[in-house]
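This report refers to the structure that appears directly beneath it.
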Amino acid sequence: MNILKNYIDGVWTASASKETVDVVNPATQEVMAKVPFGSGTSVDVDLAVQAAFKAFKEWSKVPVLKRVQVLYKLKSLMEENMESLAETITMESGKTYGESVGEIQRAIENIEVACGTPMLIAGDVIEDIATGIDEMMIRQPLGVAACITPFNFPSMIVFWFLPYAIATGNAFVVKPSEKVPLTMMKIFEMIDQLDIPKGLVSLVHGGKDSVDAILEHPTIKAISFVGSTPVARYIYSKGTANGKRVQAQGGAKNPVVILPDADIEMSSKIIADSVYGCAGQRCLAASTIITVDDQKKQIKEALYETVKSRTTGYGLDKDINMGPVITPQSKERITGLIQKGIDEGANLLLDGRNAHISGYERGNFLTPTILENVALDKELIKTEIFGPVMSLIAMKNIDEALKFVNGGDYGNMACIFTGSGANARKFRNEADAGNIGINIGVAAPMAQFPFSGWKDSFFGDLHGQGKHAIEFFTQTKVIIERWPNIWSRKF
Ligand code: NAD
């Protein structure tokens with residue numbers, strides 16, 4: 001069985017750890033590889049960081065216009081290898097082939113935006129800020145930065161950070177999720193072809209041990225994390241206590257409000273895609289659907305019809321809308337939450353717990369579930385389900401809906417479906433979430449904009465992507481200077 005190597009100092013290197021965990025295809029349970037795990041992985045992190053620091057010294061002196069040339073090359077390589085990358089994403093994460101292509105495109109868009117770094121990195125100058133004195137602000141790289149990423153977007157999430165980090169002159173260490181390390185193995189085969197100093201970009205595998213080594217390493221100056229809220233909180237508190245700059249994106253529970261004046265047919269299709277796309281394993285998956293006033297019955301019927309027609313199966317097969325969830329444990333947790341909701345009084349409209357996918361009987365499949373009248377103060381409404389489950393609840397008016405939206409712990413996304421500009425504007429202004437969708441089901445910021453989670457969905461100040469990323473990976477230096485013209489003096 002293939003034990004995955006790290007990519008350190010420009011060389012594929014066996015881990016110092018003898019411990020491994022299996023990389024499993026969630027649709028078939030086939031073990032595709034073994035990934036290094038355990039305490040030995042902290043040695044790998046140290047080697048990667050030492051090499052990164054050496055590379056940073058050289059790279060930070062390369063002009064920014066030259067630095068971004070490697071990003072153009074990486075973009076081309078990813079486009080040329082789109083098919084095999086997408087297949088790998090589907091095989092290890094379970095999402096459909098179309099969803100895999102979509103996430104690679106979003107990754108590439110971040111490369112494209114980072115290619116604008118020669119302008120984005122510009123500072124400020126004020127001449128004669130006082131008589132004969134000029135002042136300027138320049139942006140300089142931090143040194144070595146690292147990212148720690150989750151299983152649900154094996155390619156895209158690394159690109160919220162990596163292109164900006166290296167374009168601004170830093171060295172970068174990637175620690176992907178141990179559940180989906182194969183996509184990054186492929187991407188690092190492409191990184192290996194770039195004309196960059198050895199060690200500038202490294203790949204280290206592992207779980208908590210390698211993460212702790214990153215949090216404790218004195219040479220690492222900045223950490224970008226994406227994953228569940230308890231781990232995000234841990235990374236933020238430990239990383240900042242160790243003097244690092246940290247941005248940590250956490251979990252979510254995304255409410256969607258449908259007002260009576262919404263286009264019901266269009267809204268139902270978009271909402272179904274949001275709830276069940278990627279089998280509900282998106283941090284921007286809609287989860288609680290709030291109907292308002294008298295359109296409850298119509299919406300319920302429209303959603304039911306749309307959802308019933310969705311197909312579930314292996315993501316590499318044709319005409320499949322939804323793949324499996326990531327692990328058997330995840331499937332068990334989701335079915336447990338559904339049962340708990342029923343026990344607490346919810347009405348089960350569509351039961352996805354007994355999925356039978358012919359040819360993939362061992363896969364972690366669930367088909368779409370819809371529950372209605374879910375108790376507002378119970379776990380199903382409060383917890384991130386991260387699975388293909390929709391909870392339908394009813395409210396009297398937009399104010400009641402907003403109160404519910406703002407009462408949750410998370411603030412990743414809130415959406416409204418309406419034909420009224422005034423109601424949309426009210427929602428946009430008053431909803432406590434960092435990403436707002438208006439007649440949009442997955443309000444994912446494009447690469448030019450920050451991925452703006454709030455509350456328990458984000459710990460830090462500057463988010464991933466766009467200008468925020470440029471700021472996160474640079475430190476400002478302000479220079480104030482006077483140049484008396486000594487030659488014009490009379491002696
Ligand atoms: P996770 O928190 O279990 O793992 C994320 C990363 O942290 C992995 O690399 C893992 O190896 C590491 N890790 C896990 N446990 C750790 C621990 N105790 N100490 C240190 N490191 C640890 O998350 P996941 O299950 O891979 O991903 C799903 C979660 O990610 C969901 O909650 C989802 O909402 C969230 N997510 C958030 C966003 C966002 O933008 N806010 C985007 C994608 C996913």
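Start at 1 and go down the list; that is how both ligands and their atoms are numbered.
The shortest contact between atom 7 (O) of ligand 1 and any protein heavy atom is with Phe225 CE1, 3.3 Å. Of the protein's heavy atoms, Ser228 OG, 3.7 Å lies nearest to atom 1 (P) of ligand 1. Ranking the protein heavy atoms by distance from atom 24 (P) of ligand 1 puts Phe151 CD2, 3.7 Å first. For atom 10 (C) of ligand 1, the closest non-hydrogen atom of the protein is Glu178 OE1, 3.6 Å. Atom 14 (C) of ligand 1 has its closest protein heavy atom at Val231 CG2, 4.2 Å.
Proximity of Tyr410 to ligand 1 is not established, as no heavy-atom distance is less than 4.0 Å. Under a 4.0 angstrom heavy-atom cut-off, Phe386 registers as being in contact with ligand 1.
Side-chain atoms of Arg353 and Gln339 form a donor-acceptor pair, as typed in the model, at a separation below 3.5 Å.
One distance of note links CE of Met184 with CD of Glu189; it measures 12.0 Å at 0.5 Å rounding.
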Side-chain atoms of residues 434-441: list all donor-acceptor pairs with protein atoms under 3.5 Å, sequence neighbours left out, distances to 0.1 Å.
unit_1 : atom_1 : unit_2 : atom_2 : d
Asn435 : OD1    : Ser452 : N      : 3.2
Asn435 : ND2    : Asn412 : O      : 2.9
Asn439 : OD1    : Thr418 : N      : 3.0
Asn439 : ND2    : Thr418 : O      : 3.0

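Scanning Pro230, Gly227, Pro445, Pro150 for the heavy atom closest to atom 35 (C) of ligand 1 points to Gly227. Heavy-atom proximity to atom 42 (C) of ligand 1, evaluated over Gly464, Pro181, Cys283, is greatest for Cys283.
Residues passing the side-chain hydrogen bond (donor to acceptor under 3.5 Å, both in side chains) test with Gln29 are Asn364, sequence neighbours excluded.
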